[in-house]
S.K.: 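Here it is, the structure in full.
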Amino acid sequence: MASSSKEKVVLAYSGGLDTSVMVKWLQVEKGLDVVAICCNVGQESQDLGWVKQKALDMGAVAAESVDMRSEYADQILTKAIAANGLYEGTYPLLSALSRPMISAYMVEAAHHHGAAYIAHGCTGKGNDQVRFETSIHAIDPTLRVIAPVRDWDLLTREQEMDWAAAHDVPVPTTADKPYSIDDNLFGRAIECGVLEDAWSEPPADIWTMTTDPEDAPDAPCEVTLGFERGTPVSLDGTEMPLLDLIIELNGIAGANAFGRIDMIEDRVIGIKSRECYECPASLALIGAHQALESMCLDHDTLHYKSGIDQRWANLVYDGLWFSPLKNALDSFIANTQRFVTGEVRAKFYKGTFTVTGRRSDYSLYSRELATYGHGDLFDRSSSKGWITLHSLPSQTWSLSQGPSYVQSMSAHEVRQFETGEAEQGTPATSAASA
């Protein structure tokens, strides 16, 4: 039984080597009673009860295995889809999205167990240390954070294994995995090992959710995704909870080789990192959602929202889920989704996802206005006057300031302008030519 005089620490526990060593290290080196918490956000298909028991076997005073998948889908991923959340226009934020929910539960557990500390297994070079600690501090600034992997002197994997053996910590009996993996409902993140060579093609064995495009079916696979107020609610006409929809869509898209990403990414801490991701369902859902928004949002809202979406993704990536600006952007985005209801049809084919149709009762697309054929209702006679007024500022500028602008250019820039070479010149010449 734990001594009542000991302080407690809540540990984000996965059952792997690092966090298993931490269970013992926090007891031996810090003199703390450990409460181990494993949050399932879709990283495992099987029951995680074994993780709880493993922590207890190593001396944790309490342990929990919490299935948070439905809550993660309904409370977090719905917001990510509504915001078309893609960091640097590419990455669906899968790791960044799970950290706020895990952090919130860790704080709740700390309050429940009377813990003064929260510990995590993040390194000193990654993004997740920032996300966990920023979220924890935002929810309860009085809690103190311990980051053993960042602080301890076990510098190599071999040293860590030796320490584990010396302190009766169960260690893997198989060869160490060559990659670092983080996965949840929204996909898998793969880094380290040979991937650190940016010129090296990712080895075939890193991909587990997606078929190689060369081995994918020769026939396209068509799906229809239904949305209500920006949230996916049905697949091929069958309504289902978002959790089930994502799981099923991951299987369909992955089998057709869709969802692989290989990118150079700008980390929060200021370095560039080569990252590979498998995001079959997340990329498909965001792509379909964008297609429906293009039909249901007016011009100004659609264009303005694209900038809001990008800012939202940056805030989430940087660990600022619990921030005033992120909260305000959520309100704006939610307002834009009031009429984003309808269906999107798309085809998966050998690694591609192509939208082939969209329909909505709230569509702003009018065939009668768009058509060049029979039934055209557009009044062409209005265009000339509209163009005259639309171009009036440009005409006024050209007559008043245009000649002076050209005269202010250098002789070299003027020659480029006159010979038509300005298109490849400096920004100034390009602007003048425009």
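As the structure is a computational prediction, the values presented were derived from the model and not from experiment.
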S.K.: Test Val23 against Leu11 for side-chain contact (heavy atoms from CB on, under 4.5 Å), laying out the working first.
M.R.: CA-CA 8 Å; Val23 172; Leu11 170 65; 3.6 Å; yes
S.K.: Which word best sums up how the rings of His289 and Phe227 line up, parallel for under 30°, tilted for 30 to 60°, or perpendicular for over 60°?
M.R.: tilted
S.K.: Within a strict 4.5 Å, meaning less than it, do heavy atoms of the Phe186 and Ser95 side chains meet?
M.R.: no
S.K.: State, yes or no, whether a side-chain contact exists between Leu195 and Pro203 at a heavy-atom distance under 4.5 Å.
M.R.: yes
S.K.: Taking atom types as modelled, find out whether Asp309 and Ser306 have a side-chain donor-acceptor pair closer than 3.5 angstrom.
M.R.: no
S.K.: When you measure from the side chain of Glu278 to the backbone of Arg260, do you find a donor-acceptor pair of N or O atoms at a distance under 3.5 Å?
M.R.: no
S.K.: Assess whether atom CG of Asp215 is packed by more than 12 heavy atoms of other residues, nucleotides or ligands within 6.0 Å.
M.R.: yes
S.K.: With side-chain hydrogen bond (donor to acceptor under 3.5 Å, both in side chains) as the test, would you mind laying out the steps for Tyr317 and Glu265 before giving the verdict?
M.R.: CA-CA 11 Å; Tyr317 186 88; Glu265 180 180 305; 2.4 Å; yes
S.K.: Can you check whether Val66 reaches Asn40 side chain to side chain, under 4.5 Å on heavy atoms?
M.R.: no
S.K.: Under the side-chain contact (heavy atoms from CB on, under 4.5 Å) criterion, do Met240 and Leu235 qualify, and how do the steps go?
M.R.: CA-CA 8 Å; Met240 60 184 73; Leu235 176 61; 4.1 Å; yes
S.K.: More than 12 foreign heavy atoms under 6.0 Å from CD of Glu275: is that the case here?
M.R.: yes
S.K.: Would Glu133 and Arg150 satisfy salt bridge (charged side-chain N to carboxylate O under 4.0 Å, His left out), going step by step from the backbone distance to the final call?
M.R.: CA-CA 13 Å; Glu133 294 182 35; Arg150 188 173 63 200; 2.8 Å; yes
S.K.: Without hydrogens or angle criteria, can the side chains of Asn84 and Trp312 be said to hold a donor-acceptor pair below 3.5 Å?
M.R.: no
S.K.: Apply side-chain contact (heavy atoms from CB on, under 4.5 Å) to residues Ile247 and Leu185 and explain how you reach the verdict.
M.R.: CA-CA 7 Å; Ile247 292 172; Leu185 278 176; 4.0 Å; yes
S.K.: Counting only heavy atoms not in Tyr362, do more than 12 fall under 6.0 Å of its OH?
M.R.: no
S.K.: Can you give me the closest heavy-atom contact between Val355 and Ala346, atom names plus distance?
M.R.: CA-CB, 4.0 Å
S.K.: Pick one: which of Ile246, Leu94, Leu285 meets side chain to side chain contact (heavy atoms under 4.5 Å, CB included) with Leu77?
M.R.: Ile246
S.K.: Under the salt bridge (charged side-chain N to carboxylate O under 4.0 Å, His left out) rule, what do Arg358 and Glu293 come out as? Steps first, then yes or no, please.
M.R.: CA-CA 10 Å; Arg358 43 191 76 70; Glu293 279 193 330; over 6 Å; no
S.K.: Parallel, tilted or perpendicular, judged at 30° and 60°: which one describes the rings of Tyr304 and Phe332?
M.R.: perpendicular
S.K.: How about Glu64 and Tyr13: does a side-chain donor come under 3.5 Å of a side-chain acceptor?
M.R.: no
S.K.: Answer yes if the side chains of Arg345 and Thr224 hold a donor-acceptor pair under 3.5 Å, and no otherwise.
M.R.: no
S.K.: Could you walk me through whether Ile333 and Lys79 pass the side-chain contact (heavy atoms from CB on, under 4.5 Å) check?
M.R.: CA-CA 8 Å; Ile333 292 168; Lys79 290 184 173 64; over 6 Å; no
S.K.: Could you tell me whether Glu201 atom CD has more than 12 heavy atoms of other residues or ligands within 6.0 Å of it?
M.R.: no
S.K.: Tell me, which pairs form a side chain to side chain donor-acceptor pair (under 3.5 Å) where one or both residues lie in residues 228-256, sequence neighbours left out?
M.R.: none
S.K.: Out of curiosity, Lys30 NZ to Asp33 CG, how far, rounded to the nearest 0.5 Å?
M.R.: 15.5 Å
S.K.: For Lys326, look at atom NZ and say whether over 12 heavy atoms of other residues, nucleotides or ligands are found less than 6.0 Å away.
M.R.: yes
S.K.: Can you check salt bridge (charged side-chain N to carboxylate O under 4.0 Å, His left out) on Asp128 and Arg131, steps first, answer last?
M.R.: CA-CA 5 Å; Asp128 282 340; Arg131 295 164 181 159; 2.9 Å; yes
S.K.: Once you measure the plane-to-plane angle for Tyr91 and Tyr87, does it fall in the parallel (<30°), tilted (30-60°) or perpendicular (>60°) bin?
M.R.: perpendicular
S.K.: Do Tyr117 and Val10 come within less than 4.5 Å of each other through their side chains, counting heavy atoms only?
M.R.: no
S.K.: Give, for atom CD1 of Ile146 and atom CE of Met22, the distance between the pair rounded to the nearest 0.5 Å.
M.R.: 11.0 Å
S.K.: Report the distance from atom CG of Leu97 to atom CD of Gln75, rounding to the nearest 0.5 Å.
M.R.: 13.5 Å
S.K.: Does a donor on one side chain and an acceptor on the other come within less than 3.5 Å for Arg99 and Ser135?
M.R.: no
S.K.: Begin with the C-alpha distance, continue with both residues' side-chain angles, and end with the deciding distance and a verdict on salt bridge (charged side-chain N to carboxylate O under 4.0 Å, His left out) for Asp262 and Arg274.
M.R.: CA-CA 7 Å; Asp262 179 358; Arg274 201 271 186 90; 2.7 Å; yes
S.K.: Side chains of His111 and Asp140: is there a donor and an acceptor less than 3.5 Å apart?
M.R.: yes
S.K.: To the nearest 0.5 Å, tell me how far Gln27 CD sits from Leu32 CG.
M.R.: 9.0 Å
S.K.: Met58 versus Pro170: any side-chain heavy-atom pair under 4.5 Å?
M.R.: yes
S.K.: Are the side chain of Gln310 and the backbone N or O of Gly307 linked by a donor-acceptor pair below 3.5 Å?
M.R.: no
